[in-house]
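Every number for a ligand or one of its atoms is a count from 1 in the order of the listing.
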Amino acid sequence: MRIDVISIFPDYLSALDISLIGRARQDGLLDVRVHDLREYTHDRHRTVDDTPYGGGAGMVMKPEPWAEALEAVAADSPVERPTLLVPTPSGTVFSQPLARELAEHEHLVFACGRYEGIDERVFPWAAERFDVRLVSLGDYVLNGGEVAVLAMVEAVGRLIPGVVGNPESLVEESHEDGLLEYPVYTKPSSWRGHDVPPVLLSGDHGKIAVWRRAQQLERTRQRRPDLLAEEPSA
Ligand SMILES: COc1cc(COC(=O)c2cn[nH]c2)cc(-c2cccnc2)c1
């Protein structure tokens, strides 16, 4: 998979050089390229933003640098229509199913917005060449999309075969089956007056599986009842 990230703070993405994603890049499983949006400006001050039409506080990212950066990325894309992902509070919610879908794509391009956002006209313009997805990581506002991109690249990258050493560890995990994960424990079995639930020391794998599923349901009921909400019957 090829991943391109466009940002005015490319160094923010240096976390992609280390750990799991860094190793996957060294192993040739991921081709990650980070681009400085300012390389696509032509004025002395390398301007990427301007005041908002209609007034209001803050600044808006100019469309032209984005168009030139996206054209450059599309020019040597391995596919006809790369997927353009734009982290924004006004996007559809990112999820494990979406991460699984994106892990099948050949070329992902991430646009990191800053300021109050990107000129809205960039998205219909980009839609001629890209499959444009505005994606939210949650109902809060960050100063820029970089942190969200790091999260999404990790969520998607770890699903690519070979990136995670033991693919078994990808099966039983939070949200994979729509429920929160069960509690986990390791040695010592008694720690500062807190003991590991005895069932986990029983060696009875059937009972352990039942206990774990019950824990998942209880946790999900307590912390994320929305995940259990019944789909409205059609
Ligand atoms: C592309 O346009 C953006 C992107 C971002 C960065 O992403 C997030 O904040 C985010 C992504 N999932 N959850 C939060 C922030 C704004 C923004 C909007 C209003 C005021 N201030 C900033 C606009």
J.: Closer than 4.0 Å to some heavy atom of S136 - which atoms of ligand 1 meet that?
T.: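 In order of numbering, the contacting atoms are 12 (N), 13 (N).
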J.: Any atoms of ligand 1 less than 4.0 Å from a non-hydrogen atom of V141? List them with their elements.
T.: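 Within the 4.0 Å cut-off of V141, ligand 1 contributes 9 (O), 20 (C), 21 (N), 22 (C).
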J.: How close does the nearest protein non-hydrogen atom get to atom 2 (O) of ligand 1, and which residue and atom is it?
T.: G117 CA, 3.5 Å
J.: What's in the same ILVMFWY side-chain cluster as W211, cut-off under 4.5 Å, chained through other members?
T.: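 Y185, V196, V199, L200, L201, I208, listed by chain and number.
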J.: Please step through salt bridge (charged side-chain N to carboxylate O under 4.0 Å, His left out) for the pair R224 and D226, ending with a clear verdict.
T.: CA-CA 5 Å; R224 290 293 306 277; D226 59 297; 2.8 Å; yes
J.: Could you tell me whether L137 and ligand 1 have an N or O pair separated by under 3.5 Å?
T.: yes
J.: At a 4.0 Å cut-off, with the gap strictly under it, does some heavy atom of Y115 reach an atom of ligand 1?
T.: yes
J.: Closest by any non-hydrogen atom to atom 5 (C) of ligand 1: pick that one out of P89, S90, C112.
T.: P89
J.: Nearest non-hydrogen atom to atom 1 (C) of ligand 1 belongs to which of P87, G138, G58?
T.: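 Checking each option, the heavy atom nearest atom 1 (C) of ligand 1 is found in P87.
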J.: Which ligand 1 atoms, with their elements, are less than 4.0 angstrom from a heavy-atom of G145?
T.: 6 (C)
J.: Have E64 and H42 got a donor and an acceptor in their side chains that come within less than 3.5 Å?
T.: no
J.: Using a strict cut-off of 4.0 Å, indicate which atoms of ligand 1 neighbour a heavy atom of Y140.
T.: 13 (N), 14 (C)
J.: Mind listing the closest non-hydrogen atom pair of M61 and G113 along with its distance?
T.: SD-CA, 3.8 Å
J.: Going by the atom numbers of ligand 1, which of them fall below 4.0 Å from some non-hydrogen atom of G144?
T.: 6 (C)
J.: Taking only residues two or more places apart in sequence or in another chain, which ones pass side chain to side chain contact (heavy atoms under 4.5 Å, CB included) with D31?
T.: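 With sequence neighbours excluded, D31 shows a side chain to side chain contact (heavy atoms under 4.5 Å, CB included) to R2, R33, given in chain and number order.
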J.: What residue among L150, V86, V149, V147 forms side-chain contact (heavy atoms from CB on, under 4.5 Å) with C112?
T.: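 With C112 as partner, side-chain contact (heavy atoms from CB on, under 4.5 Å) holds for just one option, V149.
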J.: Is it true that the side chains of H107 and D4 contain a donor and an acceptor less than 3.5 Å apart?
T.: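 Side chains of H107 and D4: pair found under 3.5 Å.
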J.: Checking a contact table here: which protein heavy atom is nearest atom 18 (C) of ligand 1, and how many Å away?
T.: E116 O, 3.8 Å
J.: At what distance is the nearest protein heavy atom to atom 9 (O) of ligand 1, and which residue and atom is it?
T.: L142 N, 2.7 Å
